[in-house]
Amino acid sequence: MSISIQRRYGAALAALMATAAIPAFAFAQANDVQVEEVVVTAQRRSESLQKVPVAVSVVSGEQLEARQTFSTEQLVEQVPSLTFRKGTTNVNSSLNIRGIGTTSFSSGSEPAVSTVIDGVVFARSGQAFFDLFDVERIEVLRGPQGTLFGKNASAGVVSIITRKPSATPKSFVEASYFDGNEYRLRAGYSGPINDTTRFGVTGVYGHYDGNAKNVFNGNTVNGYERFGVRGKLEWEATENLTVNLIADWTNAVDNASADVIGYATPGDPIIGQEAPLVVGPTNRDINNDLDPVTKDSSWGYSGQVDYKLGDYTFTSITAWRGWGNTEYRDGDYTAVQGRRVGTSSSRDTGVLDFNQFTQEVRLASPIGGVVDYVVGAYYYKTDQDNYFNRFNVGCTATTLAGGACAPGSSTYAVTSNGTANFTTSLQNSAIFGQANLHFNDKLTGIVGLRQSRDEISFDFARVSAFPTATAGVRPNFAATGSTTTRGTSGRIGLQYAFTDAISGYVNYARGYKGPAINVFFNMQSFDTIPLEAETSDAYEIGLKTALFDRRLILNLAAFDTKYSGFQTTNFDTVAGTIVSRLVNAGEVSTKGVEADFTARPTANLTLSGGGSYTDAKIEKFFCPVGSPASCSAVNGQPLGAPKGKWSIAADYRLETPSLPFDINLNTSFVHQDAGRPNANNPVIGPPLEGYGLWDASVALVDRDDRYRVTFVVKNITDEFYTTARITSTYIRQQVPRDSERYYGVTIRANFGG
């Protein structure tokens, strides 16, 4: 770590310590100050966070608003062990927990980290990578959660719970503006229709010009334009029957996944064409003859029915979801335009049309007896249609001075052109149950089991203009196939209450992630062979404490997990062009420790934070067909996750009786260690550098919380960082919005309530 970075970290920590130290002497006084109890649904029923024998991090909607957290990508700053890998589009972006996640272009695979919104499991993570809005809280369950959440929760769950409609009329309007012409508008209303029915609706709009330039045409990139709306209806039909209906729709058009060239091998022939671009580790600009564009549209509606059968509760959740994704990409990431012999200009167009249906039923027993339990059944079906075209043009002979040729001439021709159409269908059905056996007032046993059946089928056809592989396009190929398997997830553990305020637990979980088929543009015959299921054996021990009369909540966890048949992306080349292939990479392990805390030294001060140490590495790597001999060199190398990550935040309300408002002060700091650019190719290119982000805000708040004006500064020390890299003779990297210092202001008005 350089001296300058140490000074930045030192300044940030000094500011946080100063904020906390002034009132800290009161920690042993005033018994009426406590951390509010957090209720979660991590085990498919409402219960106190401190009683759940699972490592769970909870971020409230108020915390998201105080720290101006608008996206899933920014959420990782508040949760230990959670990281985000940004891809060229939402389709191949991923969340990782404890170093484990699935990054894949294949339509025949599922994520290892499950995303759940209001009880509905999203079969594809990319469906949920939209702005966070109307959020009550976010629960991040760390480690395999397959017993209650299904096979695409083999690494963990991110569960987003949105706000329920209000029993009294409430509304709000909020507007934000940030550097770079970024602005957001939000508005919502919630209230009763009659004595038994309530409804709510929330809308959000966001626009950002971008933080990078395409030097080829002078356009600004890495921006977005997004719109979303969610409506909810809650009907208490009878004393025992409650029905909740939810509908949502989001639309986004962005160029926020521009791959910039951060490093280059001197004399590289491709980089040699990038004369206007200053290549370097802190570059955020591109030089493409086509601006990247991604269009996303997601919609869904769901119905949840809760019916009380005496002391039992029956729950049914039915949901339909759709997702459309279209991307236009400069496939060679340069402005070469095929104007020189031996070079080509590549254009990629991809269209995805995805639909899913899910049905879940559960029966929850009452709590308080010798045994309580949750049992249920689950079914989902997904259908995905894909179209992908890669079009390359370039020079075929040297005819003009300087070796150049012109479009339209006889020497300027299509060097490759391929189009693939493919459909993929997945079906999953399961029965599951989990029971708590209360041996006495202190000791509880936990046992759970899930039996799953998975079926995958596909139909693929690629048409190429050339009989051999050329510039990232393989020749004609067509195939159909299917596979059906069964799998088992399970959990067994013990929980012990040492006191009313301190409890500990130990768990063993058997994780299962179903089979996959590598259905993608450059599919070959050996890709039709189904990938085996990914399994894991996870051990976890934890301690949950509520100390000093609930003025300090401190939770600790240690874990050790081994994965077999790990499904991940392996980078390969086709005629000199990098392509990705989903493979059963082999065996990986992840182990480490985690901690998170919330403290209230005084009524006006709240401290929160957490940290994790994760040692995730490849134990054995099984080289896929066609890999070079150097592939085996990755054995024992770490996965892409950082080893260390920690954060701390302070919220302080400064009461000002002489003014018509109070002042809320918020400051936070998060540090993340360096990580590898890719799990399967760690020997090429430098690692992702570690970084630290220091944010702060000052809010002027009406005492009745009717009006609020918040002034924000993000990344105070102007720390540059990247979230993902793809390596070759040059290195492409993703540069997020928060990788530079910027300022903003948010104005909010609340009405009613």
**Q** Answer whether the closest heavy-atom distance between the side chains of Asp527 and Phe520 falls below 4.5 Å.
**A**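 Sidechains of Phe520 and Asp527: in contact.
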
**Q** Over 60° means perpendicular and under 30° means parallel, so classify the ring planes of Trp323 and Phe354, tilted if in between.
**A**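 The arrangement is perpendicular - the two ring planes meet at more than 60°.
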
**Q** If you define the side chain from C-beta out and look only at heavy atoms, does anything of Asn355 sit under 4.5 Å from Trp299?
**A**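 Result yes, sub-4.5 Å side-chain heavy-atom pair found.
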
**Q** Just how far is it from atom OH of Tyr512 to atom CZ of Arg450, taken to the nearest 0.5 Å?
**A**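 Separation between the atoms: 11.0 Å.
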
**Q** Taking all atoms of both residues into account, what is the closest heavy-atom pair of Glu360 and Gly119, and its distance?
**A**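 Residues Glu360 and Gly119, closest heavy atoms: OE1-O, 4.2 Å.
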
**Q** I'd like to know if the side chain of Gln451 and the backbone of Arg486 have a donor-acceptor N/O pair within less than 3.5 Å.
**A**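 Flag not set: sc Gln451 to bb Arg486 has no pair under 3.5 Å.
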
**Q** Do you know which two heavy atoms are closest between Ile456 and Ala516, and how far apart they sit?
**A**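 It is CD1-CA, 3.8 Å.
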
**Q** Once rounded to the nearest 0.5 Å, what's the spacing between atom CG of Leu75 and atom OG1 of Thr83?
**A**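 Here the interatomic distance stands at 11.5 Å.
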
**Q** Can you tell which of Ser57, Pro80, Pro642 makes a side chain to side chain contact (heavy atoms under 4.5 Å, CB included) with Ser612?
**A**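 Exactly one option meets the side chain to side chain contact (heavy atoms under 4.5 Å, CB included) with Ser612, and it is Pro80.
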
**Q** Of all the heavy-atom pairs spanning Asn255 and Pro292, show the shortest one and how long it is.
**A**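 Minimum heavy-atom separation between Asn255 and Pro292: CB-O, 2.7 Å.
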
**Q** Starting from the C-alpha separation in whole Å, work towards a yes-or-no answer on side-chain contact (heavy atoms from CB on, under 4.5 Å) for Asp615 and Lys643.
**A** CA-CA 6 Å; Asp615 183 13; Lys643 283 196 172 183; 3.8 Å; yes

**Q** Within a strict 4.5 Å, meaning less than it, do heavy atoms of the Thr358 and Val121 side chains meet?
**A**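 SC-SC contact between Thr358 and Val121 ruled out.
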
**Q** Ignoring hydrogens and geometry, is there a side-chain-to-backbone donor-acceptor pair from Arg462 to Arg474 under 3.5 Å?
**A**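 Flag set: sc Arg462 to bb Arg474 pair under 3.5 Å.
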
**Q** Kindly indicate whether the side chain of Asp248, heavy atoms from C-beta on, has any atom under 4.5 Å from the side chain of Arg321.
**A**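 The answer is yes, as the side chains (C-beta and beyond) meet within the 4.5 Å cut-off.
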
**Q** Report yes if the side chains of Leu95 and Pro111 come closer than 4.5 Å at any heavy-atom pair, otherwise no.
**A**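 A side-chain contact under 4.5 Å is absent here.
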
**Q** Arg329 and Thr294: side-chain donor and acceptor closer than 3.5 Å?
**A**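 Arg329 vs Thr294: donor-acceptor pair found between side chains.
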
**Q** Grab the two heavy atoms, one from Ser81 and one from Lys645, that are nearest each other, plus how far apart they are.
**A**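 Looking at all heavy atoms of both residues, the shortest contact is N-CD, 4.4 Å.
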
**Q** Side chains of Ser425 and Asp383 only: does a donor on one sit below 3.5 Å from an acceptor on the other?
**A**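 Asp383 and Ser425 do have a side-chain donor-acceptor pair below 3.5 Å.
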
**Q** Would you please test Gln734 and Thr722 for side chain to side chain donor-acceptor pair (under 3.5 Å) and show each step?
**A** CA-CA 6 Å; Gln734 291 284 329; Thr722 61; over 6 Å; no

**Q** Verify the distance criterion only: is there a donor paired with an acceptor across the side chains of Gln384 and Asn386 at less than 3.5 Å?
**A**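 Side-chain D/A pair, Gln384 to Asn386: present.
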
**Q** Calculate, to the nearest 0.5 Å, the distance between atoms CD1 and OG1 belonging to Ile100 and Thr590 respectively.
**A**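 With rounding to 0.5 Å, CD1 (Ile100) is 5.5 Å from OG1 (Thr590).
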
**Q** Do the non-hydrogen side-chain atoms of Leu449 and Thr488 ever get within less than 4.5 Å of each other?
**A**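 Yes, side chains in contact.
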
**Q** Assess whether atom CD of Glu532 is packed by more than 12 heavy atoms of other residues, nucleotides or ligands within 6.0 Å.
**A**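 No.
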
**Q** Could you pull out the closest heavy-atom pair between Gly156 and Ile97, with the gap in Å?
**A**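 Heavy atoms only, the tightest pair is CA-CD1, 3.8 Å.
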
**Q** When rounded to the nearest 0.5 angstrom, what distance separates CD in Gln356 from CZ in Phe122?
**A**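 Reported to 0.5 Å precision, the distance equals 7.0 Å.
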
**Q** Can you find a side-chain donor-acceptor pair between Asn389 and Asn417 that sits under 3.5 Å?
**A**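 Checked: Asn389/Asn417 side chains pair up, N/O donor to acceptor below 3.5 Å.
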
**Q** Would you compute the distance between atom OG1 of Thr484 and atom CD of Gln427 and round it to the nearest 0.5 angstrom?
**A**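 Spacing of OG1 (Thr484) from CD (Gln427) equals 9.0 Å.
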
**Q** Please test Gln43 against Val374 for side-chain contact (heavy atoms from CB on, under 4.5 Å), starting from the C-alpha separation and ending with a verdict.
**A** CA-CA 8 Å; Gln43 296 193 113; Val374 175; over 6 Å; no

**Q** Decide, yes or no, whether a salt bridge links Glu594 with Arg142 under the criterion of side-chain N to carboxylate O below 4.0 Å.
**A**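 Judged by the 4.0 Å cut-off on N to carboxylate O distance, Glu594 and Arg142 do form a salt bridge.
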
**Q** Where do Asp118 and Gln304 land on the side-chain contact (heavy atoms from CB on, under 4.5 Å) test, with the steps shown first?
**A** CA-CA 9 Å; Asp118 291 323; Gln304 177 171 333; over 6 Å; no

**Q** Ignoring hydrogens and angles, tell me if any N or O in the side chain of Gln567 forms a donor-acceptor pair with the backbone of Leu531 under 3.5 Å.
**A**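 Absent.
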
**Q** Flag the pair Phe566 / Glu619 as yes when at least one side-chain heavy-atom distance between them is below 4.5 Å, and no otherwise.
**A**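 When only atoms from C-beta onward are counted, Glu619 and Phe566 do not touch, as no gap falls below 4.5 Å.
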
**Q** Would you call Arg347 and Asp330 a salt bridge, using N to O less than 4.0 angstrom?
**A**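 Answer for the salt bridge query: no.
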
**Q** Given side-chain contact (heavy atoms from CB on, under 4.5 Å), test Phe477 with Gln524 step by step and report yes or no.
**A** CA-CA 7 Å; Phe477 179 74; Gln524 301 178 79; 5.6 Å; no

**Q** Look only at the side chain of Gln145 and the backbone of Gly143, and say whether a donor-acceptor pair between them is shorter than 3.5 Å.
**A**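 Checking the backbone N and O of Gly143 against the side chain of Gln145, a donor-acceptor pair under 3.5 Å is found.
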
**Q** Which heavy atom in Ile446 sits nearest to a heavy atom in Pro53, and how many Å separate them?
**A**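 Scanning both residues completely, I find the closest heavy atoms to be CD1-CG, 4.1 Å.
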
**Q** Is the NZ atom of Lys381 crowded by more than 12 outside heavy atoms at less than 6.0 Å?
**A**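 Yes.
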
**Q** Quick one: pull up OG1 in Thr535 and CZ in Arg510 and give me the separation to the nearest 0.5 Å.
**A**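 The OG1 atom of Thr535 sits 4.0 Å away from the CZ atom of Arg510.
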
**Q** Answer yes or no: is there a side-chain heavy-atom contact under 4.5 Å between Pro144 and Tyr563?
**A**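 Yes, side chains in contact.
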
**Q** Hydrogens and angles aside, do Asp537 and Tyr508 bring a side-chain donor and acceptor to less than 3.5 Å of each other?
**A**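 There is such a pair (donor and acceptor under 3.5 Å, judged by atom type) between the side chains of Asp537 and Tyr508.
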
**Q** For the pair Asn476 (side chain) and Ser464 (backbone), establish whether a donor and an acceptor sit closer than 3.5 Å, ignoring hydrogens and angles.
**A**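 Indeed, once roles are kept as given, a pair shorter than 3.5 Å links the two residues.
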
